[in-house]
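So the structure is just underneath, and the comments pick up after that.
Computed from a predicted model, the values in this text were never measured in an experiment.
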Amino acid sequence: MAHSHDDHGSHGHGSQGHSHSHGAGHVHGSTDKKRVLIAACLTAGFMVAEALGGLLTGSLALLADAGHMLADSIALGLAWYAFHLAGRPATVRLTYGFGRVKTLVAYTNGIAIFAIALWIVYEAWGRLMTPAPVLGGPMLVVAIVGLLVNIGSFFVLHGGDRDNLNMRGAILHVLGDLLGSAAAIVAALVILATGWTPIDPILSVLVSLLILSTAWSLMREAAHVLLEGVPASLDRDLIAKDLEGTVKGVREVHHMHVWSLDGSANMATLHACLNDGVDAHTAVSAIKKRLAAEHGISHATVEPEFGHCADDEHDHDHDHAHGTAPHHGHYH
């Protein structure tokens with residue numbers, strides 16, 4: 001039974017496999033890579049100063065923000081490396097290339113944010129139980145400089161591709177730092193005005209809780225991509241019905257899978273049962289064009305069929321051999 005694996009026809013492929021990246025994706029990836037590197041350098045550069053400031057002033061808010069910035073420096077470095085790997089061509093062993101590394105890093109970033117936020121909550125509880133003196137003046141100076149650095153990093157990243165999970169993870173880290181610096185400024189002003197030091201750990205916890213909710217959303221989305229779930233913007237069953245209703249000669253679509261390689265490039269595999277006399281190549285080309293134009297699926301593998309589905313026959317033979325009931329269902 002013929003298979004068509006190519007987006008652009010059924011021509012042969014080289015030993016490296018065919019590429020799933022296109023010109024616009026390369027441009028985005030290149031600029032995003034530079035943006036992440038600049039943000040990583042800014043964050044790492046100020047992280048040391050903020051950690052020293054936190055130790056000298058006794059401020060948990062500054063130490064918490066420095067902790068965020070330490071993890072963020074590592075995370076931004078990993079995000080940069082993920083963009084670097086994603087630019088490599090596919091190999092015989094990794095036929096889709098390294099694009100999914102970005103999603104894996106995004107998921108790891110979410111876990112890192114959780115760990116940091118929980119540490120801050122733990123430290124804040126200890127500070128509330130046994131309040132420590134805080135030097136409000138130096139704390140305010142360090143926090144203001146930190147805020148300016150984080151604003152700079154945020155605007156560098158904000159101009160990137162926000163549909164990319166890896167870029168969104170990087171933005172989330174810097175946004176957490178920005179909120180941390182703002183909280184440290186507020187805490188310093190309150191301490192200078194009233195001398196009430198518990199405001200320092202209280203604001204640290206509030207910032208952590210805000211970041212936790214966003215981190216959970218990022219992790220859930222990245223996990224969905226890693227599990228090859230159907231993208232939120234698509235409905236597999238409706239796409240199958242659309243193909244059956246609009247592509248001439250297609251009687252039925254089944255065994256359909258829709259997933260995303262990296263959160264932005266959507267892919268699909270499906271069996272297309274064709275009416276007798278229909279040219280398979282013409283039908284497959286029409287299916288691919290419809291998927292790309294109407295559903296944003298940039299790469300599809302289509303198996304044209306006439307009569308019975310070969311996989312169903314195989315499943316029936318396999319089930320019969322093992323004495324089990326055959327597996328039914330329109331989509332698998």
Side-chain angles (χ1 to χ4, degrees), residues 1-28 86 88-100 225 228-231 233-318 326-332:
M1 195 167 290
H3 285 66
S4 178
H5 295 281
D6 191 5
D7 286 347
H8 311 289
S10 51
H11 303 293
H13 304 300
S15 63
Q16 295 299 313
H18 52 278
S19 172
H20 299 277
S21 300
H22 300 283
H26 284 306
V27 173
H28 259 311
R88 292 185 179 182
T91 67
V92 173
R93 300 293 294 173
L94 293 169
T95 56
Y96 280 118
F98 295 81
R100 189 160 281 185
V225 172
E228 298 192 341
V230 178
S233 60
L234 300 177
D235 185 314
R236 179 197 63 174
D237 295 354
L238 288 180
I239 293 172
K241 287 181 174 62
D242 174 66
L243 294 176
E244 292 168 353
T246 60
V247 179
K248 186 177 180 180
V250 175
R251 180 162 54 85
E252 182 189 49
V253 171
H254 57 268
H255 284 309
M256 186 172 191
H257 301 272
V258 181
W259 74 100
S260 175
L261 188 65
D262 58 2
S264 56
N266 298 325
M267 314 182 78
T269 61
L270 61 96
H271 291 193
C273 190
L274 307 178
N275 295 322
D276 292 337
V278 173
D279 180 68
H281 183 270
T282 301
V284 168
S285 296
I287 289 171
K288 288 176 178 287
K289 288 177 183 177
R290 182 73 181 177
L291 289 172
E294 296 298 323
H295 304 290
I297 296 175
S298 57
H299 176 84
T301 301
V302 180
E303 181 176 337
E305 299 172 339
F306 294 92
H308 297 293
C309 174
D311 283 1
D312 286 346
E313 292 172 2
H314 173 76
D315 289 344
H316 176 77
D317 293 340
H318 182 270
H327 179 73
H328 296 289
H330 191 64
Y331 304 116
H332 299 76

Test item: [X] and [Y] side chains (from C-beta on) under 4.5 Å apart, heavy atoms:
| X | Y | answer |
| --- | --- | --- |
| Val253 | Ile287 | no |
| Leu270 | Ile239 | no |
| Leu291 | Leu243 | yes |

Indicate whether the side chain of Glu305 and that of His254 have a donor and an acceptor atom separated by less than 3.5 Å. yes
Can you measure from [atom1] ([X]) to [atom2] ([Y]) and round to the nearest 0.5 angstrom?
| X | Y | atom1 | atom2 | answer |
| --- | --- | --- | --- | --- |
| His299 | Lys288 | NE2 | NZ | 6.0 Å |
| Arg100 | Glu228 | CZ | CD | 4.5 Å |
| Leu274 | Asp279 | CG | CG | 9.0 Å |
| Arg88 | Leu94 | CZ | CG | 10.5 Å |
| Ser285 | Arg290 | OG | CZ | 15.5 Å |

Which atom of [X] lies closest to which atom of [Y], heavy atoms considered:
| X | Y | answer |
| --- | --- | --- |
| Glu303 | His271 | OE1-NE2, 3.1 Å |
| Val278 | Gly249 | CG2-CA, 3.7 Å |
| Ala283 | Val247 | O-CG1, 4.1 Å |
| Ala272 | Val302 | CB-CG1, 4.2 Å |

Pairing residues for Thr269 by the side chain to side chain contact (heavy atoms under 4.5 Å, CB included) criterion, not counting sequence neighbours: His257, Trp259, Thr301
Backbone N or O of Ala265 within a donor-acceptor pair of the Ser260 side chain at under 3.5 Å? yes
Between Asp242 and His295, is the side chain to side chain donor-acceptor pair (under 3.5 Å) condition met? List the steps. CA-CA 10 Å; Asp242 174 66; His295 304 290; 2.9 Å; yes
